[in-house]
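The residues of the chain are indexed from 1 along the displayed sequence.
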Amino acid sequence: MSAVSDRLPTFPWDKLEPYKKTAAAHPDGIVDLSVGTPVDPVPELVQKALIDAADSPGYPTVWGTPALRDAICGWLERRLGAREVTHRHVLPVVGSKELVAWLPTQLGLGPGDRVAYPRLAYPTYEVGARLARAAYETYDDPRDLDPAGLKLLWLNSPSNPTGKVLGKEELTEIVAWARAHGVLVVSDECYLELGWEADPVSVLHPDVNGGSYDGIVAVHSLSKRSNLAGYRAAFIAGDPAVLGPLLEIRKHGGMMTSAPTQAAVVAALGDDAHVQEQRGRYAARREALRSALLSHGFRIEHSEASLYLWATRDEPCWTTVAHLADLGILVAPGDFYGPAGDTFVRVALTATDERVQSAVSRLR
């Protein structure tokens, strides 16, 4: 067991504990803006679907019910503009973090193979490579990478942590480059429905992929758009030549979404109204926090999409974390996402309206 755990970095969030205690000691309590975990209610129609499916004594299937696959295909075409999506193009997963962490292993990568991801990125991309014993590296522009031995190229648009969005032209060029070199592109698009100053585009859009899903996979989650983080509901879509073997592996591993969750996802993907309602909540919180941070002397970069503000006072990130903790506000240090973030902090929009207003008052 230690041989596996020894491959992993120190769990970064443990380093925040002292600052969390400081923030919690504030007379008005802590405002925790460090983790992007939803705080708003699960939509009623989703809760009802879950309850109606509660009597599910049998094992669910890894591939999901036909109704679930229909719902995913329909959403991909309706929301992302994908074309000719069939059941062979989709695969439910048990939350997107599980997929990210274990995908290199399930793809059969190992020593001698390389995985690449953005210079500022979700730490689990690195974790997945480490678990597979594959080499890993970061990039500013993936087209500058040496393609020799590069087996998996992670894209993340909108980005966690920066909120940066890759434009359609850039995505198109990256997909073409990867195909020319036989590199699998996996695009983490979990924040795609949360564009504020940009309209994010999926690699599944025909303008990007030329009408072919060869060599591309997109990752999507219902955690943010539908407040379903507690349900562990996500899916991948794209090249059947990639998804087919993954389905077989996941069947053997018993990696199945619960039947009630599958029913809940069908309801969630079939309804756009609750997504717009949630977007409205986040938009208001974003504007309030953005204005307050700017008035407090911060500069905000990117942040045109996603659930975070990428903010700096041009000082070491842990100095900023300590300063805000003294105000009872907890944020994530930018170096959690790579050395390039060492003067930034990530400020999440996922707090109640009351807590956000408390943070705004303290900052002003």
Using a strict threshold of under 4.0 Å (side-chain N to carboxylate O), is an ion pair present between Arg281 and Glu277? yes

Does atom CG of Asp144 have more than 12 heavy-atom neighbours, drawn from other residues, nucleotides or ligands, at distances under 6.0 Å? yes

Would you check if the side chain of Asp113 reaches a backbone N or O of Gly110 as a donor-acceptor pair within less than 3.5 Å? yes

How would you list, by chain and number, every residue that makes a side-chain hydrogen bond (donor to acceptor under 3.5 Å, both in side chains) with Ser34, sequence neighbours excluded? Asp32

Taking only Lys NZ, Arg NE, NH1 and NH2, and the carboxylate oxygens of Asp or Glu, determine whether Arg299 and Asp314 approach each other closer than 4.0 Å. yes

Applying ring pair (Phe, Tyr, Trp, His ring centres under 6.0 Å) as the test, list every pair that has at least one member in residues 30-53; sequence neighbours left out. none

Judged by atom type as modelled, is there a donor-acceptor pair below 3.5 Å linking the side chain of Thr257 to the main-chain atoms of Gln262? no

Dump the intermediate steps for side-chain contact (heavy atoms from CB on, under 4.5 Å) on Asn209 and Arg179, then the final yes or no. CA-CA 10 Å; Asn209 60 43; Arg179 283 175 168 165; 3.8 Å; yes

Sequence neighbours excluded, which residues qualify as side-chain hydrogen bond (donor to acceptor under 3.5 Å, both in side chains) partners of Arg286? Glu197

If you round to the nearest 0.5 Å, how far is CD of Glu304 from CH2 of Trp196? 12.5 Å

All side-chain hydrogen bond (donor to acceptor under 3.5 Å, both in side chains) counterparts of Thr320, not counting sequence neighbours: Glu315

In Å, rounded to the nearest 0.5 Å, how long is the span from OG of Ser96 to CZ of Arg232? 6.5 Å

Could you measure the distance from the CG atom of Asp140 to the CG atom of Leu120? Nearest 0.5 Å is fine. 8.5 Å

Give me the ring orientation class for Phe336 and Trp13: parallel if the planes are under 30° apart, tilted from 30 to 60°, perpendicular past 60°. perpendicular

Quick check: do Val208 and Lys168 have side-chain heavy atoms less than 4.5 Å from each other? yes

Hey, does Thr261 have a side-chain heavy atom less than 4.5 Å from the side chain of Met256? no

For the side chain of Ser212 and the backbone of Asp214, is there at least one donor-acceptor N/O pair under 3.5 Å apart? yes

side-chain contact (heavy atoms from CB on, under 4.5 Å) between Phe298 and Val347, intermediate numbers included: CA-CA 12 Å; Phe298 280 88; Val347 183; over 6 Å; no

What salt bridge (Lys or Arg N to Asp or Glu O under 4.0 Å) pairs are there with at least one residue in residues 56-80, not counting sequence neighbours? Arg78-Asp272, Arg79-Glu193

Please list all pairs meeting ring pair (Phe, Tyr, Trp, His ring centres under 6.0 Å) that have one or both residues in residues 277-297, counting only residues at least two apart or in different chains. His296-His323

What pairs with Thr162 under side-chain hydrogen bond (donor to acceptor under 3.5 Å, both in side chains), at least two apart in sequence or on another chain? Ser159

Ring pair (Phe, Tyr, Trp, His ring centres under 6.0 Å) partners of residues 53-94, not counting sequence neighbours, each pair once: Trp75-His220, Trp75-Phe235, His89-Tyr213

So ring pair (Phe, Tyr, Trp, His ring centres under 6.0 Å) across residues 149-175, not counting sequence neighbours, yields Tyr125-Trp154

For the backbone of Pro111 and the side chain of Arg133, can you confirm whether one donor and one acceptor N or O come within less than 3.5 Å of each other? no

Does any N or O in the side chain of Ser303 come within less than 3.5 Å of the main-chain N or O of Glu301, such that one atom is a donor and the other an acceptor? yes

Salt bridge (Lys or Arg N to Asp or Glu O under 4.0 Å) contacts in which one or both residues fall within residues 351-364, not counting sequence neighbours: Asp28-Arg355, Asp28-Arg362, Arg285-Asp353

Check for me whether the distance between the ring centres of Tyr308 and Tyr191 falls short of 6.0 Å. yes

Output yes when a side-chain donor or acceptor of Thr86 lies under 3.5 Å from a complementary backbone atom of Arg88, and no otherwise. yes

Quick one: does Val127's side chain get under 4.5 Å of Val100's, heavy atoms only? no

I'd like to check Tyr117 versus Tyr122 (side-chain heavy atoms, cut-off strictly below 4.5 Å). Are they in contact? no

Answer yes or no: is there a donor N or O on one side and an acceptor on the other, between the side chain of Gln47 and the main chain of Pro41, under 3.5 Å? no

Would you mind listing every salt bridge (Lys or Arg N to Asp or Glu O under 4.0 Å) that reaches into residues 334-350, with sequence neighbours excluded? none

Just how far is it from atom CH2 of Trp102 to atom OG1 of Thr124, taken to the nearest 0.5 Å? 12.0 Å

Rounded distance (nearest 0.5 Å) linking atom CD of Glu287 with atom CG of Leu349: 11.0 Å

Any sub-3.5 Å donor-acceptor pair from Arg130's side-chain atoms to Arg7's backbone N or O? yes

Has Arg279 got more than 12 heavy atoms of other residues, nucleotides or ligands less than 6.0 Å from its CZ? yes

Do the side chain of Ser258 and the main chain of Pro60 share a donor and acceptor less than 3.5 angstrom apart? no

Rounded to the nearest 0.5 Å, what's the gap from NZ on Lys21 to CG on Leu330? Could you check? 13.0 Å

Just jot down the salt bridge (Lys or Arg N to Asp or Glu O under 4.0 Å) partners of Asp271, sequence neighbours excluded, or say none. none

Taking all atoms of both residues into account, what is the closest heavy-atom pair of Thr350 and Thr37, and its distance? CB-O, 3.2 Å

Verify, without hydrogens or angle tests, whether Lys224 (side chain) and Ser306 (backbone) share a donor-acceptor contact under 3.5 angstrom. no

